[in-house]
Amino acid sequence: MNLRFAFHALFSLLLHVFPVSAVTVTVDIGTTYQEMDGFGFSQAFGRANDVKNLPAAQQRQTLDLLFNITNGAGMTILRNRIGSGGLGDSIEPNSPGSSNATPTYVWDGDDSGQVWFSQQARSYGVSTFYADAWSAPGFMKTNNNQNEGGYLCGVSGESCSSGDWRQAYADFLVKYVQDYASVGIDVTHLGFLNEPDYVTSYSSMQSNGEQAADFIKVLSATVRNANLTDIKLTCCDATGWTAQTNLTAGLITSGVENDLGIITSHSYSSDPTTPMNTSLKVWETENADLDGEFVPNDWYSSGAAGEGLTWASNILEAIVSGNVSAYLYWEGAEVGATNSALVDISGTTPQASKRLWALAHYSRFIRPGAVRIDANSDSSTDLKVAAFRNIDGTVSTQVINSAASVQDVTLAPQGFTVRNGTGYVSEQGTEFGRLGVEVSAGEVTGIIPGHSMVTFVLEI
Ligand SMILES: *[C@@H]1O[C@H](CO)[C@@H](O)[C@H](O)[C@H]1NC(C)=O
Ligand SMILES: *[C@@H]1O[C@H](CO)[C@@H](O)[C@H](O)[C@H]1NC(C)=O
Ligand SMILES: *[C@@H]1O[C@H](CO)[C@@H](O)[C@H](O)[C@H]1NC(C)=O
Ligand SMILES: *[C@@H]1O[C@H](CO)[C@@H](O)[C@H](O)[C@H]1NC(C)=O
Ligand SMILES: *[C@@H]1O[C@H](CO)[C@@H](O)[C@H](O)[C@H]1NC(C)=O
Ligand SMILES: *[C@@H]1O[C@H](CO)[C@@H](O)[C@H](O)[C@H]1NC(C)=O
């Protein structure tokens, strides 16, 4: 034990025995904000097959870590990639010749393992399936390539000698949804773009808001004609909040806000620090620390990009400041993972990162249909708070202590009475443990360790 650690331990002990005055967090059930749809990730680009190909025991452990509500993260949304490449990737691997020629669809019932993965997710109770295309097939685009950007032929300002492919792309997407229905998976959300503000060597397609709207009008009618009345269309999965804000403005100006269900954005190039200017729900649909080496043990060490506490804070900010109704990480499980994944499946035992446990604090206790309610901390401490009322009546309160010192917290309920409370804690050395909670005189108290996240689950 080094001196600094010894001092820290003594200090923590003293604080436990003589805590500095408790911070009161008021939780007001009468003030409500956005409805929550859930938390999730993707197994795109072959990662679903990586899990499918594991030995049975490891497969089960991996799925439990991601989806199990009692011993895993209890995730509730899966984002699948609608392939746009050749045979085995796309359901329309070859051009029919021109935009109004009859397409030849090929459905292999597997979709790079994503069908199996979706069925596994559903066995854990997942019912929100977001199917998203990164690009249209190359032959529908100005650059005749599913990669390297390029535009959908037929949107404003972009024409091709092979014709206007908007209807063909809409038909292609609807066929994909019908193919999933044929294997028992209802796609609930459908997107046709991924990072339209970014040109790259893998499947990508450019668009501004007006051009996206040109296509949304066609897609919306096609989906209605196919009787897919419950499906929610999304746009546009831009690289970050600033880019998506501009795209959203273009969609609204073009009059397609009511054709959409959800505004979707990633948060690589800018963070969800303010609400998007829309009356629609907003989802954060992709983010990760793409560069870092896998740091399975780091809940908090230096505040680095891959650590658990960093992601705990990222998610809270997206919900409270960005008004998001869902938060999706990039990939769930990966072989030889970097921080782009939550679980590394290269060894004989799947290894969860602390990011997974950060997500568990949200996904296990903020179930689909929950409504965010007001939570406020009474002092300018380093506490960040959020609270939610679930459909089953429970109230969950998430508290992040970003300071090094222990903090006593008292939850003061407004508009409800607490019958019982349970606490869960993640800190360095404890991935997801129980925290002692006291309920007395209608208030709930708990001691929040330094650099930790605590969730209080209240029965009311
Ligand atoms: C989740 O894990 C628990 C405890 O190991 C197990 O009993 C349960 O069957 C799992 N749930 C599912 C849906 O597999
Ligand atoms: C559309 O849905 C309605 C109501 O469920 C049903 O009666 C009708 O047959 C469906 N039409 C098609 C073309 O699937
Ligand atoms: C916003 O989008 C419009 C087109 O919809 C584009 O002309 C403009 O350059 C964009 N602005 C920024 C800051 O990206
Ligand atoms: C938000 O949108 C409204 C109408 O859709 C518009 O009048 C207003 O200027 C926008 N505000 C910002 C900050 O973009
Ligand atoms: C937050 O999102 C909801 C939709 O989920 C919307 O109705 C509400 O206006 C948004 N709040 C703000 C402050 O933008
Ligand atoms: C309160 O919750 C704890 C943990 O779930 C449980 O052990 C205890 O029996 C509950 N007490 C009451 C009075 O419901």
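Counting convention: from 1, in listed order, for ligands and their atoms alike. Just so you know, these numbers use all the heavy atoms, side chains as well, and skip hydrogens, waters and symmetry mates.
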Q.
Can you report which non-hydrogen protein atom sits closest to atom 11 (N) of ligand 5, along with the distance?
A. N323 ND2, 2.9 Å
(Q) Is any side-chain heavy atom of S313 closer than 4.5 Å to one of K384? (A) yes
Q: Could you tell me whether Y169 and F215 have their ring centroids closer than 6.0 angstrom?
A: yes
Q: Specify side chain, backbone, both or neither for L280, according to which of its non-hydrogen atoms lie closer than 4.0 Å to ligand 5.
A: backbone
Q.
Centre-to-centre under 6.0 Å for F172 and Y176, is that the case here?
A. no
Q: Starting from atom 4 (C) of ligand 3, locate the nearest protein heavy atom and write down its residue, its atom name and how far away it is, to 0.1 Å.
A: E210 OE1, 3.5 Å
Q: Within a distance under 4.0 Å of any heavy atom of P275, pick out the atoms of ligand 5 and give their elements.
A: 12 (C), 13 (C), 14 (O)
Q | Closest to atom 8 (C) of ligand 1 among I69, N68, T70 (heavy-atom distance) | A | N68
Q: List the closest protein heavy-atom neighbour of atom 14 (O) of ligand 1: residue, atom name, distance to the nearest 0.1 Å.
A: Y124 CE2, 3.5 Å
(Q) Over 60° means perpendicular and under 30° means parallel, so tell me whether F67 and F41 are parallel, tilted or perpendicular. (A) tilted
**Q.** Residue, atom name and distance, where the atom is the protein heavy atom closest to atom 5 (O) of ligand 1
**A.** N71 ND2, 3.0 Å
Q) About how many Å separate CG of L233 and CG of D259, when rounded to the nearest 0.5 Å? A) 7.5 Å
(Q) Considering non-hydrogen atoms of the protein only, which is the closest contact for atom 7 (O) of ligand 5, and what is the distance? (A) S279 O, 3.9 Å
Q: Considering the heavy atoms of N208, write down every atom of ligand 3 situated less than 4.0 Å from one of them.
A: 4 (C), 5 (O)
Q. How many angstroms lie between CG in N143 and OG in S135, if you round to the nearest 0.5 Å?
A. 7.5 Å
Q.
Can you tell me how far apart OG (S118) and CD (Q43) are? Round to the nearest 0.5 Å.
A. 10.0 Å
Q.
What protein heavy atom lies closest to atom 13 (C) of ligand 3? Include the residue and the distance to one decimal.
A. N246 ND2, 4.4 Å
